[in-house]
Structure formats: structure tokens, C-alpha cells
Amino acid sequence: MITTLHIKNIGIIEDIIIDFNKGLNVLTGETGAGKTLIIDSLQIISGGRFSKEMIRKGENQSFVELCMYEPQNKNAIDGNIIVSREINLNGKNMCKINGRMVTVNELKEFMSTFIEIHGQNDNQNLLENRMHLNYLDGFIGEEIVNQKQKYTELYEQFCEIKQELKNNFGDEKEKQRKLDLLQYQIKEIEVAKLKVNEEEELEEKRKIMANAEKITQNLQEADTLISESGIDSISMAIRALEKIEQIDSKYETVSNQLKSIYYELQELARDVSNYKSDLDFNEEERDLIEERLNLINSLKRKYGNTIQEILNYQQTIQEEVEHIENKEEYNSKLREKQNQIEEKMKLLANQIHKIRKNRANDLSRKINQELEELEMKHAKINVKVTYLENEYLKTGKDEVTFYIVTNKGEEEKELAKIASGGEMSRTMLAIKKVLADSDEMPILVFDEIDTGISGKAANSVANKLKRIANRHQVMCISHLPNIAAMADYNYFISKEIYQDRTKTQIKLLQEDEVIEEIARISAGEINEVSMQYAYELRNKKAC
């Protein structure tokens, strides 16, 4: 249960500390005094959404902290759990559980096991179909526990095998899909007939073709200069030296060196001439080179940065194909085991379904009795259990949905489609009353659940809240004297103006103050008649 709630800088709340108690805690007070802000603060500390507009004007941050006494919980220290959340104007959140920093989602998940908040527009759990199955199973109790436990164990084994088969491509569709993809990739690479260093050679050819005109022009110029100037001049020089080479050996040496240069120059001239002939490209050859380079680039985008990497990838996926095909024998044994588990699961799921189907009628009947006492005489709840033929869920093969008819002659609708907030609140209260003994949620918060009701219905709501509070800590904001009179602890919320600022105050009332507050909210003023009425209402609590 919540023992202490500390709220700072939220709306008109400057800084208040509330000590709550066991049983039914009822909060009453002036309109606009900050009652709803207290519920908002409980939502914030439970991981709910927060708008920076909620931060008190002139402040940079808001802070909510609560202490819960839960001696059986593993997170408790000396039985206490301290949770806090600080929110800054810049949107930064700081959430802590017993001093350990957590995310907002972690805070939300943690608090969802301790506190449930219900208001005119906040009956989210009641609207979620996944919670309907939990409500039904909670109502059924021990009768279904063993079957669910055995089913859950089998379901976990089933999922493990299913995942292993998926990893091993044991699922036939998945296996074939993967094989088709790998074989397509292998074929695509094979057809390309790639060669290492091929890309570099093609790039070189493309570069030459792109500069063919420039190369031809300069090769022609070089060929002309070598043939007409170089070779002829050297030939004439050789003939001149031959005339004097007998005179001195050094002239003969120079003559021989010049002859070597002459022969080398002739070779160079032939090379240049050949280079000219090699430049005889056509457009078809140019297109083929471009197509080949485009193909290589396409394969590089898919399979690797170089041709060598592409060829390595081809080898890898060929090995993977062999691996998949060789896993078939092992996967066959897994599938056989999976089928055996599935048969056991189906048997248990059918047993669970029969129990749920039968007890759903009991739950519907009990909730409808409660609705009748809440002056919803024509409202009928129908808890439907739908068997899912082709699907296994963690909870079995059932989908549970609460349907309701709120007025005579209307069609049955899903509970989530109820329009009236008052109807939703009373429906939720009826369900909570029926499930009070099995519901493990320790803290229940009701925000103005009494809106739109009076008279006999008000008495019924008050009685049901009191009964629920026998097993849960209940906090309720109310405007009804009937509910205030049933409270174990009454808190009065007011506001005052201090230094031109409005701020909220809260006070735990003594018994004589409780009587006065009941009189105030019953008649709008405290007089002899309203006080007598307050005494009578309060005396009913003791009965």
C-alpha cells in the first residue's frame, strides 16, 4: 500500500505530503482545489504521460515521490519501496526505484503491478481485450492454475523448437525461400564469369577510348618526329663516324653506341606505329565495355566491394546451401517433437477452453447482479470466450472479450465502445467488486467514479467501494456524501492564496470534521438538517 505521497510543483500544488492508510481513503474538497492533480500525480509516478504545461508557473521542474509498504515484494527494503520521478521544463526525466535510476518504460512496467487508476476517461485496462482474459482467469482461480502452468511449459518448448527450426531453415516455406534466394545469387554470379583484375583492365580500356583522339594525334606526331627526324639524323651520324672509326678506337666505340640507339629507336618507331593501329575502336566495343563495367558495379553493390569479395561471397553461400540441405534429417526430428508437443498443448488448451467457457457464464451473471445494484438494471455483461482454431497463444487458444448491452433494446457491443463515462465507471466497479477476492492489484484509485449517480445507486457504489477496500487499499475522489461517509480516512483538499499565488492544501480530517464535510457536500452548507443527515450516513458505516 501507499504510505506517503510527496508532490511538488504540479499545477497549483506547490509542495504537499500526504500520508495514506489502509482501507478506503476518500478525498473531497472544493472545486478546482487540486483533487484531480493528485490523481494526475499518481499517474505520473506510475509512468504515465506528462506535459510540461503541468509544471507550476515560475518553476523549472516537477517532482513526485511515493513510499509503498510491500513486505512480500523482492524489491522492498525493510518492507518499503520508494519511487520518484523528476521532470524538467526541457523534457528531461529522472526516474528512480529505491535510488536506482530507471527509464520511464521500466517505471511504468514496475508500477503496473502495484497500482491501477480508474477515472471518467482512464479505464484503459477495462478497455483492453488482453485484460479481459486476465479478469476471467482471476475469477476462475485455482481451478485453472495447473492446466495453465502445464500448457505454458509446453508452449515455451514449442516456441524454442519453432525458433530453432527457423534458424535451421526447418520451416519448409522459410527453407525454400532461403534456398531460392541463395541459388539465384549463385547463378547471378556464375553467369557473370568474373575474373580477378578484370575491372582494372576494363577501366584502362575505357580511359584509352575516352582519350583516343588525343592519343592518336600525339602518337602520329611522335611517329613523324622519330621517323623523319630521329632515325634519318642518327643514320647520317653513323655514316660520318664510320669514316673515322679506323683512326682511333674511341670513335669506333661511339659509332657502335649510336648504332645501338638507332636499332632501339627503330623498335620504338614500330611500337608507336602499333599503338596507332591498336586505337582502332568502334562504338560496339565501347558499349560492351560499359555494359560489362555496369554489371560488375551492380554485383559489387550486392555482394562485395571487389571482384575477389564477390567470388568469396559466392563460395560462402554455396557452403550455406549445402548446410541447409544437410540439416534436413535433424530438422525432421525437431518437427516430430514439435508435433508431439502440439498434441499435448491442444489437449490442455481444450480443457482450459471448457473451463473458461463454463465459468464465463458465472462471471457474467455475477457482474450483472452487481450492475443491477448499481442502478444499471437493463445493462447486461456477456463474457465471450472465442476458440482460435489455427493459433496458439501463451495463454492457450482463447480470446476473451467483454460485451455489454447498456439499455434495453440495444445491440450488444464490445465494452470498449461504451459512450458514457459514468456507465464505464460503474461497470468497472461491478467487475472489480466481483474480482475483489482474486485481484492481486494492491492499490486501486478511483477518480470521481460517482459522476452522474445519486440515490440508491450512490449507496450501492459506496458499499461496493467499502467491500473492495477490505482487501485492497482504495483511494477515491468523490462528491457524494454516501461515499465520504463510508471512508476509513477522509482527506479535505482546499486552496489558499499566499503572496498572490494559489496553492493546494490537504488535511486528514478528525471525526467531527468528517461529519461537517459530509454535511457540506450533501447540502452545500452546514446546518442542523445537513448535520443530522451526515450523522445518519456515518452511522450506516458502523452497521
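The figures that follow rest on heavy atoms only: side chains count, while hydrogens, waters and symmetry mates do not.
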Open item on the list: Please determine whether side chain to side chain contact (heavy atoms under 4.5 Å, CB included) holds for the pair M68 and I2, giving the CA-CA distance in whole Å, both sets of side-chain angles, and the decisive distance to 0.1 Å.
Closed with: CA-CA 4 Å; M68 297 185 292; I2 296 176; 4.1 Å; yes

Open item on the list: As a quick check of understanding, evaluate side chain to side chain contact (heavy atoms under 4.5 Å, CB included) for Y498 and E14, giving each step before the final call.
Closed with: CA-CA 11 Å; Y498 178 74; E14 182 180 53; 5.9 Å; no

TODO: Tell me, with the steps shown, if E517 and R520 meet salt bridge (charged side-chain N to carboxylate O under 4.0 Å, His left out).
DONE: CA-CA 5 Å; E517 176 62 6; R520 184 190 70 81; 2.7 Å; yes

Open item on the list: Using the rule given for side chain to side chain contact (heavy atoms under 4.5 Å, CB included), can you reason through D362 versus F139, listing the C-alpha separation, both sets of side-chain angles and the distance that settles it, and then say yes or no?
Closed with: CA-CA 9 Å; D362 296 336; F139 174 74; 4.0 Å; yes

TODO: Could you walk me through whether L66 and M111 pass side chain to side chain contact (heavy atoms under 4.5 Å, CB included), step by step?
DONE: CA-CA 11 Å; L66 63 77; M111 291 299 292; 4.2 Å; yes

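Applying the side chain to side chain contact (heavy atoms under 4.5 Å, CB included) criterion to S332, with sequence neighbours excluded, gives R335. Considering only residues two or more places apart in sequence or on other chains, Q163 meets the side-chain hydrogen bond (donor to acceptor under 3.5 Å, both in side chains) condition with N167. With sequence neighbours excluded, the residues satisfying ring pair (Phe, Tyr, Trp, His ring centres under 6.0 Å) with F114 are F110. Scored by the side-chain hydrogen bond (donor to acceptor under 3.5 Å, both in side chains) test, N146 finds no partners at all (sequence neighbours excluded). Listed by chain and residue number, R538 satisfy the salt bridge (Lys or Arg N to Asp or Glu O under 4.0 Å) test with E511 (two or more places apart in sequence, or in another chain). Partners of F492 according to the ring pair (Phe, Tyr, Trp, His ring centres under 6.0 Å) rule, which considers only residues two or more places apart in sequence or in another chain, do not exist here. Partners of K108 under the side chain to side chain contact (heavy atoms under 4.5 Å, CB included) rule, at least two apart in sequence or in another chain, do not exist in this structure. With sequence neighbours excluded, the residues forming a salt bridge (Lys or Arg N to Asp or Glu O under 4.0 Å) with E513 are K507, listed by chain and number. Among residues two or more places apart in sequence or in another chain, the side chain to side chain contact (heavy atoms under 4.5 Å, CB included) test is passed with V405 by E410, E412.
Taking the ring centre of F63 as origin, the terminal cationic atom of K8 falls outside the region bounded by 6.0 Å and 45° from the ring axis. Figure legend: K397 and Y392 shown as a cation-pi pair, the cationic atom lying under 6.0 angstrom from the six-membered ring centre and within 45 degrees of its axis.
Although no hydrogens or angles enter the test, the distance criterion places no donor-acceptor pair under 3.5 Å between the side chain of T28 and the main chain of S478. Between the H479 side chain and the I521 main chain, no donor and acceptor come within less than 3.5 Å of each other. In this structure, T406 contributes its side chain and A379 its backbone to no donor-acceptor pair below 3.5 Å. Listed for the N98 side chain is a donor-acceptor partner under 3.5 Å among the backbone atoms of I82. No donor-acceptor pair closer than 3.5 Å links the side chain of D78 to the backbone N or O of N80. A donor-acceptor contact shorter than 3.5 Å is absent between the side chain of S46 and the backbone of G48.
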Under 3.5 Å, side-chain donor or acceptor atoms of residues 343-354 against the rest of the protein: list the pairs with distances, not counting sequence neighbours.
residue	atom	partner	partner atom	Å
N350	OD1	Y387	OH	2.7
N350	ND2	K346	O	3.2
H353	ND1	D398	OD1	2.7

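Side chains of Y491 and N21: a donor on one and an acceptor on the other come within 3.5 Å. Between N463 and S460, the side chains place no donor N or O within less than 3.5 Å of an acceptor N or O (distance only, hydrogens not considered). For E525 and N527, the side-chain atoms include at least one donor-acceptor pair closer than 3.5 Å.
Shown are N25, T3, T4; of these, the side chain to side chain donor-acceptor pair (under 3.5 Å) with D19 is made only by T4. A side chain to side chain donor-acceptor pair (under 3.5 Å) with D488 is found for one member of K466, K22, Q473 and no other, namely K466.
Remark: R356 engages D137 in a salt bridge, criterion side-chain N to carboxylate O under 4.0 Å. With respect to E153 and K150, no salt bridge is recorded, no charged nitrogen being found less than 4.0 Å from a carboxylate O.
Between D15 atom CG and I7 atom CD1 the span is 9.5 Å, to the nearest 0.5 Å. For the atom pair N358 CG and I355 CD1, the distance stands at 8.5 Å (nearest 0.5 Å). Atoms OG and CD1, on S41 and I16 in that order, are 7.0 Å from each other to the nearest 0.5 Å. To the nearest 0.5 Å, atoms CD1 (I381) and NZ (K384) are separated by 12.0 Å. Between I13 atom CD1 and I493 atom CD1 the span is 7.5 Å, to the nearest 0.5 Å. Within the model, atoms CD of E106 and OG1 of T103 stand 3.5 Å from one another, a figure rounded to the nearest 0.5 Å.
Looking at heavy atoms from C-beta onward, E399 lies out of side-chain contact with E391 at the 4.5 angstrom threshold. Counting heavy atoms from C-beta outward, T401 and T386 have side chains that stay 4.5 Å or more apart. Here the side chains of V461 and L480 are not in contact, with every heavy-atom distance at 4.5 Å or above. A 4.5 Å side-chain heavy-atom check between E156 and T152 finds at least one atom pair inside the cut-off. Looking at heavy atoms from C-beta onward, I515 lies out of side-chain contact with D512 at the 4.5 angstrom threshold. Taking 4.5 Å as the limit, every side-chain heavy atom of L24 sits out of range of all side-chain heavy atoms of F446. The shortest side-chain heavy-atom distance between I55 and F50 falls under the 4.5 Å cut-off. Taking the side chain as every heavy atom from C-beta outward, I10 and D40 never approach each other to under 4.5 Å.
Considering all non-hydrogen atoms of both residues, I18 and I506 come closest at CD1-CD1, 3.6 Å. When all heavy atoms of M94 and M101 are compared, the closest pair comes out as CG-CE, 4.0 Å. Shortest non-hydrogen contact noted between S364 and V383 is OG-N, 2.9 Å. Closest approach of M441 to S112, counting heavy atoms only: CE-O, 3.0 Å. Closest heavy-atom contact between L537 and P481: CD1-CB, 3.7 Å. Summarising the geometry of L107 relative to C95, their closest heavy-atom pair is CD2-SG, 3.9 Å, with the distance given to 0.1 Å.
The stretch residues 48-77 participates, sequence neighbours left out, in no salt bridge (charged side-chain N to carboxylate O under 4.0 Å, His left out) pair at all. Counting only residues at least two apart or on different chains, no ring-ring contact (aromatic ring centres under 6.0 Å, His included) pair has a member in residues 75-104.
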